[in-house]
S.K.: 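To start, I am sharing the structure in question, which I have written as structure tokens.
Per chain, numbering begins at 1; letters A, B, ... match sequence-line order. Worth saying up front: this structure is predicted, and the values here are computed from it rather than measured.
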Amino acid sequence: MDKSQNIRIRVDEVNFFYGPRQILNRISLDIFNQCVTAIIGPSGCGKSTLIRLFNRMNELVPHSRLEGKIILDGEDINSSLRNVVDIRKLVGMVFQKPNPFPKSIYENVAYGLEVNGVKDKLFIEEKVTDSLKKAALWDEVKDRLEESALRLSGGQQQRLCIARCLAVEPEVILFDEPCASLDPISTKKIEELCWELKKDYTIVIVTHNLQQAARIADYTAFLYLGELIEFGETDKLFTVPQNKKTEEYLTGKFG
Amino acid sequence: MNLHAKETWYRRLFAVTAFSTLIFLAGIIVTLFHGAWPLFREVNVIDFLAGRAWYPTHTPPEWGILPLIAGTMTVTAGAMLISVPLGVGSALYLYEIAGKEKHFIKPLIEILAGIPSVVYGFFGMAVAAPFIRNFLDLPVGLCAFTASLILGIMAVPFICSLTEDALRMVPKSFREASLALGASRWQTLVKVIVPAAGSGISTAVILGMSRIIGETMTVLMISGGAAVIPKSIFSPVRPMTSTIAAEMGEAAMGSLHYHALFGIGLVLFLMTLLLNITAEFISRRFRLKLGLTQ
Amino acid sequence: MNTKMIIEKIGFALLVLCILITLFFLGSILYFLSIRGFPALSWEFLTSFPRSGMTKGGIAPAIVGTFYLTVGAMMVSLPLGLACAVYLCEYSPKGVWVNLIRLSINNLAGVPSVVFGLFGMSVFVKFFDFGISILAGSLTLGILALPGIISAVQEALIAVPYSFREASYALGGTQWTTIRKVVLPAAMPGILTGVILSIGRIAGETAPILFTAATFYSRFYPKSLFSETMALPYHIYALMTEGTHPREQTVIAYGAALVLLLLVLFISALAIYLRQKQRSIHG
């Protein structure tokens, strides 16, 4: 299969700065359609910063500056013709810590639809059910949709956040260390979910858990001190790393 | 004296000073009740609160403070109409829109908060009242409307800074989650941040109201001083605080008039106490709701 | 541009309007008081007594009186407030009493200033028989300032990292030495800012001194703690509402209001400056 047909996001020579500090250094990388791409590396290497460029969340940080291009479906996402709100609808995000709103479970999932102008109550209801099912949370919450989302357990909250994200019908989903604050059982559920979701979505996941990357990712990128050290199919990167740094990291010499 | 005993002694000393605040509050309550007591032996509480005539120097005198309560309410309602939108709006501006200019605007708002109430009163009397009288072609400029306007401006910085504190307590993650779903900044503000800070903002509004009710010098100077139930917001009124301030000087010590003024003080105190306790209660629930403890 | 963005533009414009209106009011107060008050100011105005039935002369005794009252109030509220805050932050065992104390501080902060006046009059003027005097006024103002000072000091104490205290205990410091040598010095800039802000507030308070300290006119500077005194904020009020020459008195009142405003603004600007300097040090 011709891979270049299948590129969803192309990162082209990206430099990124917070004030005078350079966080990302000349990163180029392709994210393929309907694949899970993992980004690994020690803390502070710029993993989260990188994926936050894909939905322009880094704009929220004052004094930040981007050089280079992020191309989504052939168009620069930072081009003045594109609206940040549309990008974020297309590229969903699940955060490190579950962050449901202090609203009911139902309202949480419906929120994305409402802010995007959906008025049809019946459609919203269908979409909420559907998203909760896809996020494998439906059975646990179907009888308590009006309860506050803050009363769910951490793992449930994270799956609710995934459902909330799915309801907007994104095509790409960014996971920013989604299991960092979860227990092993919840982690397993989320991983299974990623596996399931990649049939319909393009997934980018940041993780500092190497096993997790090995288990769920088709492609893996290794970032170190803001530079992309190695990028390739997960099997190859984990078994025969090309770069000495990658090998050292995978074998636990640093990190 | 050994070290341990010395430590204990310090602890006790500090405890005593901390208790002094309790004693002062108790002292205020006792003083007000004690001062008002002789009045309530002669005048029924209901007649006092609901009586429509306040003629302390007539013979026979009448001790109804309903006109004074009505004055306070009119002025307070008007002031809230000005200060709540401006205060909350300014806080939202500082939270969501202001960039570098915040370092310049926040001190200015603090300056507005620091202007003494007598200066506001003076401004109202010397500048605002004549202007409003000419502009709206009123018989008098010193009226409930002018008092509301000036009180409203006074309360803006207070409500603004408490609202801003409440907004800042909302976790950043809510904002990120909402924006990541494709909500605009305005939608995020209105649908997520403000509801999450809702009870904190209501605390700010209630405390602002308590402030306005208790404000003395401004209303004393601007509200016009007529102890009758106002017919419109352009009527002169005599709120409770200004009645106490204006008449205490004339009331003979120990006269019924003197005790009646303490009675007004007591009613005023209880009103603000109720508001403050409500605010305290809501603000505790607010912290719990956001999972904050203190 | 879609509707969502248009609504956002309108919403933001409304918020900008709010802040502009607020600043407009601030601007007009400063403008009118400066323009009309400035001509009245002179060295003589600041240093001389009122003359010719309040229509001429200066405001010196009012300035001096306000100075005495403010210093007196601070002498009451500073030690009490400092100690109370230290107790609540550093010593306080949790419990019913401490909660009650916190509750009473919060409510004391909300008591209308004229009620403080009633309290001061019945307790200090009448019961302790200090009469209408600087002493009674200072005590009343001091109690009024207390909750503000306590919360400012508490805020400063909470900002001191817990690790400082641990370090001191680990070196064998007792609680009191830790507070005195480590916590208070570290909190000092914050405390100072809070205290200066309270001074500004107290200097401008009027209602509490109406029946406890203030007099409309006096031919002398106050002689002792038991003398009644003129005070700047009360002087402004009295010029506008009493006396027989409203027109001439208003001119003097403009000057007095400008002086009070400048005094208070100078004090709060000092506090704001100190705080920003402190923030830039601590990042």
S.K.: Name the atoms and distances for all side-chain donor-acceptor pairs under 3.5 Å in residues 18-38 of chain B, with sequence neighbours left out.
M.R.:
| from | atom 1 | to | atom 2 | distance (Å) |
| --- | --- | --- | --- | --- |
| S20(B) | OG | T17(B) | O | 2.4 |
| T21(B) | OG1 | A18(B) | O | 2.8 |
| T31(B) | OG1 | G27(B) | O | 2.5 |

S.K.: Is L197(C) close to chain B through its backbone or its side chain, or both, or neither, when contacts mean heavy atoms under 4.5 Å?
M.R.: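 Interface part for L197(C): side chain.
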
S.K.: Aromatic rings F122(B) and Y254(C): how do their planes relate, parallel, tilted or perpendicular, breaks at 30° and 60°?
M.R.: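 Judged by the thresholds at 30° and 60°, the geometry between F122(B) and Y254(C) is perpendicular.
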
S.K.: Begin from the C-alpha positions of T188(B) and S178(B) and carry the test side-chain hydrogen bond (donor to acceptor under 3.5 Å, both in side chains) through to its verdict.
M.R.: CA-CA 6 Å; T188(B) 303; S178(B) 171; 2.9 Å; yes

S.K.: Does L142(B) offer a backbone N or O that forms a donor-acceptor pair with the side chain of T146(B) under 3.5 Å?
M.R.: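 No; zero donor-acceptor contacts below 3.5 Å.
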
S.K.: Using heavy-atom distances under 4.5 Å, tell me whether I272(C) contacts chain B through its side chain, its backbone, both, or neither.
M.R.: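 I272(C) touches chain B through side-chain heavy atoms alone.
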
S.K.: Could you tell me which portion of F32(C) (side chain, backbone, both or neither) has an atom closer than 4.5 angstrom to a non-hydrogen atom of chain B?
M.R.: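 Side chain only.
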
S.K.: Tell me, side chain or backbone of V115(C) under 4.5 Å from chain B's heavy atoms, or both, or neither?
M.R.: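 When you check distances to chain B, only side chain atoms of V115(C) fall under 4.5 Å.
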
S.K.: Between W176(C) and F14(B), is the ring centroid distance below 6.0 Å?
M.R.: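 Yes, close enough.
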
S.K.: What part of L265(C) gets closer than 4.5 Å to chain B, counting heavy atoms only: side chain, backbone, both or neither?
M.R.: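 Looking at L265(C), just its side chain touches chain B.
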
S.K.: Sort T241(B) into side chain, backbone, both or neither according to what part of it lies under 4.5 angstrom from a heavy atom of chain C.
M.R.: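 Contact with chain C involves both backbone and side-chain atoms of T241(B).
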
S.K.: Checking heavy atoms, do the side chain of L80(C), its backbone, both or neither come under 4.5 Å from chain B?
M.R.: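 It is both, since atoms from each part get that close.
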
S.K.: Give the member of P147(C), A203(C), S122(C), P79(C) that has the highest number of heavy-atom pairs under 4.5 Å with chain B.
M.R.: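 Among the listed options, the one with the most contacts to chain B is S122(C).
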
S.K.: Tell me which one of T278(B), N276(B), T272(B) satisfies side-chain hydrogen bond (donor to acceptor under 3.5 Å, both in side chains) with S210(B).
M.R.: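 Result for side-chain hydrogen bond (donor to acceptor under 3.5 Å, both in side chains) with S210(B): N276(B).
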
S.K.: Using non-hydrogen atoms only, which part of L108(C) is less than 4.5 Å away from chain B: side chain, backbone, both, or neither?
M.R.: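 Interface part for L108(C): both.
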
S.K.: With under 30° as parallel and over 60° as perpendicular, where do the rings of Y258(B) and F262(B) fit, or are they tilted in between?
M.R.: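 Y258(B) and F262(B): tilted rings.
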
S.K.: Need one label for L112(B): side chain, backbone, both or neither, based on atoms under 4.5 Å from any heavy atom in chain C.
M.R.: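 L112(B) touches chain C through backbone and side-chain heavy atoms alike.
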
S.K.: Is chain B contacted by the side chain of V264(C), its backbone, both, or neither, given a heavy-atom distance below 4.5 Å?
M.R.: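 The answer is the side chain of V264(C).
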
S.K.: Report the option among V127(B), L92(B), V119(B), L261(B) that has the most heavy-atom pairs separated by less than 4.5 Å from atoms of chain C.
M.R.: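 Highest number of heavy-atom pairs under 4.5 Å: V127(B).
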
S.K.: Where on L23(C) is there a heavy atom nearer than 4.5 Å to chain B: the side chain, the backbone, both, or neither?
M.R.: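 For L23(C), side-chain heavy atoms alone lie under 4.5 Å from chain B.
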
S.K.: For the candidates A245(B), G265(B), A98(B), which exhibits the highest count of non-hydrogen atom pairs separated by less than 4.5 Å from chain C?
M.R.: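 Max contact count across the listed options: A245(B).
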
S.K.: Test of understanding: with side-chain contact (heavy atoms from CB on, under 4.5 Å), list the residues that count as partners of K4(C), not counting sequence neighbours.
M.R.: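 For K4(C), the residues satisfying side-chain contact (heavy atoms from CB on, under 4.5 Å) (neighbours in sequence not counted) are V85(A), N116(A), S184(B), Q187(B), N2(C).
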
S.K.: Given a strict heavy-atom distance threshold of 4.5 Å, which part of L33(C) is in contact with chain B: side chain, backbone, both, or neither?
M.R.: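 Answer is side chain: those atoms of L33(C) sit under 4.5 Å from chain B.
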
S.K.: Among G114(B), A279(B), P116(B), who wins on heavy-atom pairs under 4.5 Å with chain C?
M.R.: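 With the most close heavy-atom pairs to chain C, the winner is P116(B).
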
S.K.: Considering only heavy atoms, which portion of I153(B) lies under 4.5 Å from any heavy atom of chain C: side chain, backbone, both, or neither?
M.R.: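 Interface part for I153(B): side chain.
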
S.K.: For chain B, which candidate among T241(C), T177(C), I236(C), I29(C) shows the most heavy-atom pairs at distances under 4.5 Å?
M.R.: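 Looking at each of T241(C), T177(C), I236(C), I29(C) in turn, I29(C) comes out on top.
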
S.K.: I'd like to check R185(B) versus E8(C) (side-chain heavy atoms, cut-off strictly below 4.5 Å). Are they in contact?
M.R.: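 Counting from C-beta outward, R185(B) and E8(C) do come under 4.5 Å.
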
S.K.: Is a side-chain donor or acceptor of S242(B) paired with a backbone partner of R238(B) at a separation under 3.5 angstrom?
M.R.: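 The answer is no, because no donor-acceptor pair under 3.5 Å joins these two groups.
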
S.K.: Side chain of Q175(C), backbone of E90(C): donor and acceptor closer than 3.5 Å?
M.R.: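 Yes; at least one donor-acceptor contact below 3.5 Å.
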
S.K.: Please classify the contact between L82(C) and chain B as side chain, backbone, both or neither, with a heavy-atom cut-off of under 4.5 Å.
M.R.: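 Contact with chain B is absent: no heavy atom of L82(C) under 4.5 Å.
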
S.K.: Using non-hydrogen atoms and a 4.5 Å limit, figure out which bit of L220(B) sits close to chain C: side chain, backbone, both or neither.
M.R.: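 Contact with chain C involves the side chain of L220(B) alone.
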
S.K.: Between L146(C) and chain B, which part of the residue has a heavy atom less than 4.5 Å away: side chain, backbone, both or neither?
M.R.: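 It is the side chain, since no backbone atom gets that close.
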
S.K.: Please rank A128(B), A183(B), C160(B), P107(B) by heavy-atom pairs under 4.5 Å with chain C and give me the top one.
M.R.: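 It is P107(B).
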
S.K.: Counting only heavy atoms closer than 4.5 Å, note whether M253(B) contacts chain C via side chain, backbone, both or neither.
M.R.: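 Contact with chain C is through the side chain of M253(B) alone.
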
S.K.: Could you tell me which portion of E215(B) (side chain, backbone, both or neither) has an atom closer than 4.5 angstrom to a non-hydrogen atom of chain C?
M.R.: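 Neither part.
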
S.K.: Using non-hydrogen atoms only, which part of F12(C) is less than 4.5 Å away from chain B: side chain, backbone, both, or neither?
M.R.: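 Both parts, backbone and side chain.
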
S.K.: I need the residue from E110(B), M221(B), M125(B), M240(B) with the largest number of non-hydrogen atom pairs under 4.5 Å to chain C.
M.R.: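 It is E110(B).
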
S.K.: Considering only heavy atoms, which portion of P85(B) lies under 4.5 Å from any heavy atom of chain C: side chain, backbone, both, or neither?
M.R.: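 Interface part for P85(B): backbone (N, CA, C, O).
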
S.K.: For the residue pair Y234(C) and Y237(C), categorise the inter-ring angle as parallel (less than 30°), tilted (30 to 60°) or perpendicular (more than 60°).
M.R.: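 Y234(C) vs Y237(C) ring planes: tilted.
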
S.K.: Checking L149(B) against chain C: side chain, backbone, both or neither under 4.5 Å from a heavy atom?
M.R.: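 Looking at L149(B), just its side chain touches chain C.
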
S.K.: Is it the backbone or the side chain of L189(B) that comes under 4.5 Å from a heavy atom of chain C, or both, or neither?
M.R.: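 When you check distances to chain C, only side chain atoms of L189(B) fall under 4.5 Å.
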
